[in-house]
Number of protein chains: 2
Amino acid sequence: MKPLFHPALADITVEGIMHALSDPVRAAIYAELADAADALTCSTFLTVRDRDIPKSTLSQHFKTLRDAGLILSERQGVEMKSISRCKEIETRFPGLIPAIMGAHKIQLMGKKKAAARRKPAGT
Amino acid sequence: MKPLFHPALADITVEGIMHALSDPVRAAIYAELADAADALTCSTFLTVRDRDIPKSTLSQHFKTLRDAGLILSERQGVEMKSISRCKEIETRFPGLIPAIMGAHKIQLMGKKKAAARRKPAGT
DNA sequence: CCCATAGTTCGGGATATATGAACTATTGAA
DNA sequence: TTCAATAGTTCATATATCCCGAACTATGGG
């Protein structure tokens, strides 16, 4: 198998990170990876926020995250384990990733509240 | 003229902001607007970092920034003045914009250093 | 009314994205 | 070793987006 490409820390760009996280599915995947204690596989994300993601699409999303320098992936047996590179990125762009993740959490909370307002009791 | 659309603060999304700032030209425009004491016109940016931007493209970039909720534009006579909505956004997503702008500055400094290394004396 | 200025809209070519189908790599039987 | 199952990748292509020149619109003078 073609070895996976991972950019060097110095080659990671803000634009790349912004682009990768401008997609809600990728942002959700990355958020989960960044929180996770250890590596997760692609197929963990076959459904993301109640939406089914085809595996070819998933594969592309992981590639995008990898190319942006956001995650590190490694084959382990038949699966592909990925972890967030947030510690590294923190040394290059201090505070960037936490701010983005924080904003995503705020936004998610807002959406939940709005949904609760639309259907107050178990409807 | 069709009145300009500006999203309500609550409708501003992280994805939208990420997408808008994932383009280096838009990021540069936004950075300048965010720093500026008062409103700037589109044509201020006919060249951005030594690159000429066609005015149709510029117009689209401003629309993208507006739609993302990043700027507020208003016609003043024959021109179009825009200012950053960073104060507002700070109340919705605290720390997000400063972190992104900070990261862009770090990246720019890195590029300048690399350029200086390539041509040490006035070449 | 006509011109100049500042932006916007339109058209179409180039580029990027999503996804089903086919393919590859690895593991674990039989 | 061969076969089947599992996990991802690659390919083809339909769709959507982006970029930019040309034409258009809005505003403010002379």
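Naming: A, B, ... by sequence-line order, numbering from 1 per chain.
In this structure B/K63 satisfies the side-chain hydrogen bond (donor to acceptor under 3.5 Å, both in side chains) test together with B/D67, sequence neighbours excluded. Evaluation of the side-chain hydrogen bond (donor to acceptor under 3.5 Å, both in side chains) rule for B/S84 yields B/Y30 as partners, not counting sequence neighbours. Looking at residues two or more places apart in sequence or on another chain, you find a side chain to side chain contact (heavy atoms under 4.5 Å, CB included) between B/A31 and B/M101.
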Return all side-chain donor-acceptor pairs below 3.5 angstrom for residues 44-57 of chain A, not counting sequence neighbours, or 'none' if the list is empty.
{"unit_1": "A/T44", "atom_1": "OG1", "unit_2": "A/T41", "atom_2": "N", "d": "3.3"}
{"unit_1": "A/T44", "atom_1": "OG1", "unit_2": "A/T41", "atom_2": "O", "d": "2.7"}
{"unit_1": "A/T44", "atom_1": "OG1", "unit_2": "A/T41", "atom_2": "OG1", "d": "3.1"}

Give the table of side-chain donor-acceptor pairs shorter than 3.5 Å for residues 18-27 of chain B, with sequence neighbours excluded, one pair per line with atom names and distance.
{"unit_1": "B/S22", "atom_1": "OG", "unit_2": "B/H19", "atom_2": "O", "d": "2.7"}
{"unit_1": "B/D23", "atom_1": "OD1", "unit_2": "B/V25", "atom_2": "N", "d": "2.9"}
{"unit_1": "B/D23", "atom_1": "OD1", "unit_2": "B/R26", "atom_2": "N", "d": "3.0"}
{"unit_1": "B/R26", "atom_1": "NE", "unit_2": "B/A20", "atom_2": "O", "d": "2.7"}
{"unit_1": "B/R26", "atom_1": "NH1", "unit_2": "B/H61", "atom_2": "ND1", "d": "3.2"}
{"unit_1": "B/R26", "atom_1": "NH2", "unit_2": "B/H19", "atom_2": "O", "d": "3.4"}

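Residue A/K55 contributes atom NZ, which lies 18 Å from atom P of C/dA18 at whole-angstrom precision. Distance A/F5 CZ to D/dT9 P: 16 Å, rounded to the nearest Å. For A/K63 and C/dT19, the NZ to P distance is 18 Å, given to the nearest whole Å. Rounded to an integer number of Å, the gap from CZ of A/R75 to C1' of C/dT27 is 10 Å. B/E79 has its CD atom 14 Å from the P atom of D/dT27, to the nearest Å. Residue B/F62 contributes atom CZ, which lies 14 Å from atom P of C/dA6 at whole-angstrom precision. Residue A/Q76 contributes atom CD, which lies 13 Å from atom P of C/dT26 at whole-angstrom precision. Between the CG atom of B/L4 and the P atom of D/dT27 there is a distance of 11 Å, given to the nearest Å.
Within the structure, side-chain hydrogen bond (donor to acceptor under 3.5 Å, both in side chains) contacts touching residues 93-110 of chain A (residues at least two apart or in different chains) are A/Q107-B/E15. Among residue pairs with one or both ends in residues 85-101 of chain B, those qualifying as salt bridge (Lys or Arg N to Asp or Glu O under 4.0 Å) are B/R85-B/E88; sequence neighbours excluded.
Closest non-hydrogen pair, B/A68 versus B/I12, comes out as O-CG2, 3.5 Å.
Heavy-atom distances to DNA chain C give each of A/L58 and A/V78 a nearest nucleotide, and the one nearer the 5′ end belongs to A/L58.
Within residues 28-49 of chain B, the residues that have a heavy atom under 4.0 Å from DNA chain C are, in order of number, B/T41, B/C42, B/S43.
Atom CG in B/L9 sits 4.5 Å away from atom OG1 in B/T91 (nearest 0.5 Å).
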List, with names and distances, any nitrogen or oxygen atoms from the protein found under 3.5 Å away from nitrogen or oxygen atoms belonging to nucleotides 14-20 of chain D.
{"unit_1": "D/dC18", "atom_1": "OP1", "unit_2": "B/H19", "atom_2": "NE2", "d": "3.0"}
{"unit_1": "D/dC20", "atom_1": "OP2", "unit_2": "B/T57", "atom_2": "OG1", "d": "3.4"}

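Residue B/M80 places its side chain closer to C/dG7 than to any other of D/dT10, C/dG7, D/dA7.
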